[in-house]
Colleague: 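For reference, the structure I am asking about is given below.
As the structure is a computational prediction, the values presented were derived from the model and not from experiment. All chains are named by letter (A, B, ...) in the order of the sequence lines, taking the proteins before the strands, and each is independently numbered beginning at 1.
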There are 2 protein chains.
Amino acid sequence: MDSVFKALSDPNRRKILTLLKKKDLSVTQLQKHFKISGASLSHHLDILKRANLVIAERRGQFIFYSLNTSVFEQITKFFFDKFKK
Amino acid sequence: MDSVFKALSDPNRRKILTLLKKKDLSVTQLQKHFKISGASLSHHLDILKRANLVIAERRGQFIFYSLNTSVFEQITKFFFDKFKK
DNA sequence: TTAATATTTAGACAAACATCTAAATATCTA
DNA sequence: TAGATATTTAGATGTTTGTCTAAATATTAA
């Protein structure tokens, strides 16, 4: 669960999640919303992937990223249980 | 909101919150649950305080820390809205 | 197969961070 | 008021992190 909180601690990574909430996107499509290099973006996606927050799936030339919603359910529950009095 | 996610990204700080969920504690009482120095613990509490996750209140010789539940409600909602599909 | 596009990996670097010890500040008790 | 206890602040240090450029890998299209 540490990797999840670590992953959520960066604003760019949270922005990625917000964008992916609307629809699946490739790195190039995501790139348009950021000022950082493609390499940095790829690095962030890797961290999100390792935290099980997103899923990568190749579709031909592109790799599409999407939210791993099942894990989000778990996290929301965890978060709620942990902190709600 | 950035300070909140940053605050939650450290395991010791999350442990502090879990302990405070049960009851208010002074630094000395908290100290018993950690291996880090009192100064480091104080530093973590400062970060949690700046993120509005905890409240500090002096009671005589001690300073007691407690969860700022109202903010937790907001965060839980934020988290839920942001990530739940 | 070659050129173009998409993405990741490698290596470097500066900034941010967690931690420590020592010193400062605040409060209580004798 | 002095000494003891509680907590914070200051300054130092090693590690982690976000970013970059350049190079490597993968896929498509000509």
Side-chain angles (χ1 to χ4, degrees), chain A residues 1-68 75 82, chain B residues 1-68 75 82:
Chain A
M1 197 47 98
D2 191 59
S3 63
V4 172
F5 281 102
K6 279 271 161 52
L8 293 174
S9 72
D10 180 82
N12 279 332
R13 287 195 290 269
R14 292 197 301 276
K15 185 173 172 183
I16 291 171
L17 295 174
T18 303
L19 291 166
L20 293 183
K21 190 187 175 184
K22 301 199 191 85
K23 66 167 192 244
D24 300 359
L25 294 167
S26 68
V27 178
T28 314
Q29 290 174 318
L30 277 166
Q31 180 71 74
K32 286 162 193 147
H33 298 86
F34 296 88
K35 290 175 181 169
I36 62 176
S37 71
S40 296
L41 191 50
S42 178
H43 171 64
H44 285 309
L45 288 165
D46 186 54
I47 289 169
L48 291 169
K49 203 164 47 181
R50 286 172 194 276
N52 276 309
L53 291 170
V54 304
I55 296 166
E57 181 198 359
R58 184 175 278 280
R59 295 182 203 158
Q61 198 172 359
F62 301 89
I63 295 177
F64 276 81
Y65 282 86
S66 57
L67 288 190
N68 184 356
I75 294 162
K82 191 164 194 76
Chain B
M1 198 49 102
D2 191 58
S3 62
V4 172
F5 281 102
K6 277 273 160 54
L8 294 173
S9 72
D10 181 84
N12 278 334
R13 289 196 288 269
R14 292 197 302 276
K15 185 173 172 183
I16 290 171
L17 295 174
T18 303
L19 291 166
L20 292 183
K21 191 187 175 186
K22 300 199 192 86
K23 67 166 193 250
D24 301 358
L25 295 167
S26 69
V27 178
T28 315
Q29 289 174 318
L30 277 167
Q31 180 70 76
K32 286 163 194 146
H33 298 85
F34 296 87
K35 290 177 182 169
I36 62 177
S37 72
S40 297
L41 190 50
S42 179
H43 171 64
H44 285 308
L45 287 166
D46 186 53
I47 289 169
L48 291 169
K49 203 163 47 180
R50 286 172 195 276
N52 276 310
L53 291 169
V54 304
I55 295 167
E57 181 196 0
R58 184 175 279 280
R59 295 181 201 160
Q61 200 170 359
F62 302 89
I63 295 177
F64 275 81
Y65 283 87
S66 56
L67 287 189
N68 184 356
I75 295 162
K82 194 165 191 75

Colleague: For Val27(A), which residues count as a side-chain contact (heavy atoms from CB on, under 4.5 Å) partner, sequence neighbours excluded?
Modeller: Leu41(A), Leu45(A), Tyr65(A)
Colleague: Any idea which heavy atoms bring Leu48(B) and Ala7(B) closest together, and the distance?
Modeller: CD2-CB, 4.1 Å
Colleague: Grab the two heavy atoms, one from Val54(A) and one from Lys49(A), that are nearest each other, plus how far apart they are.
Modeller: CG2-N, 3.7 Å
Colleague: CG/Leu25(A) to CD1/Ile16(A) distance, rounded to the nearest 0.5 angstrom?
Modeller: 10.0 Å
Colleague: Which part of the nucleic acid, if any, lies within reach of Tyr65(B) when heavy atoms closer than 4.0 Å are counted: base, sugar-phosphate only, or nothing?
Modeller: sugar-phosphate
Colleague: In chain order, what residues pass the side-chain hydrogen bond (donor to acceptor under 3.5 Å, both in side chains) check against Asp10(A), with sequence neighbours excluded?
Modeller: none
Colleague: Locate the shortest heavy-atom distance separating Arg58(B) from Gln61(B); write the atom from each residue and the value.
Modeller: NH1-O, 3.4 Å
Colleague: Rounded to the nearest 0.5 Å, what separates atom OG in Ser66(B) from atom NZ in Lys21(B)?
Modeller: 15.0 Å
Colleague: What's the shortest heavy-atom distance between Lys15(B) and His33(B), and which atoms?
Modeller: NZ-O, 2.7 Å
Colleague: Could you tell me the separation between the CG atom of Leu20(B) and the CD1 atom of Ile55(B), rounded to the nearest 0.5 Å?
Modeller: 11.0 Å
Colleague: Under 3.5 Å, which N/O atoms of the protein pair with N/O atoms of nucleotides 26-28 of chain D?
Modeller:
unit_1  : atom_1 : unit_2   : atom_2 : d
dT27(D) : O3'    : Gly60(A) : O      : 3.4

Colleague: Looking at NZ of Lys22(A) and CG of Leu67(A), how far apart are the two atoms once the value is rounded to the nearest 0.5 Å?
Modeller: 11.0 Å
Colleague: Rounding to an integer number of Å, can you tell me how far Ile63(B) CD1 sits from dA6(D) C1'?
Modeller: 8 Å
Colleague: Just how far is it from atom CD of Gln31(A) to atom OG of Ser42(A), taken to the nearest 0.5 Å?
Modeller: 10.5 Å
Colleague: Roughly how far, to the nearest 0.5 Å, is the CG atom of Leu17(A) from the CZ atom of Arg14(A)?
Modeller: 9.5 Å
Colleague: Report the residue (Ser40(B) or Ser42(A)) whose heavy-atom-nearest nucleotide on DNA chain C is the more 5′ of the two.
Modeller: Ser42(A)
Colleague: Does anything in residues 45-53 of chain B come within less than 4.0 Å of DNA chain C? Heavy atoms only, and list the residues if so.
Modeller: Ile47(B)
Colleague: N/O contacts under 3.5 Å, protein versus nucleotides 10-17 of chain D?
Modeller:
none

Colleague: Considering non-hydrogen atoms only, spot the tightest contact between Lys6(A) and Ser9(A) and give its length.
Modeller: O-OG, 2.7 Å
Colleague: So where does chain A start and stop touching DNA chain C, 5' to 3', when the test is distance under 4.0 Å to a non-hydrogen atom?
Modeller: dT5(C) to dT9(C)
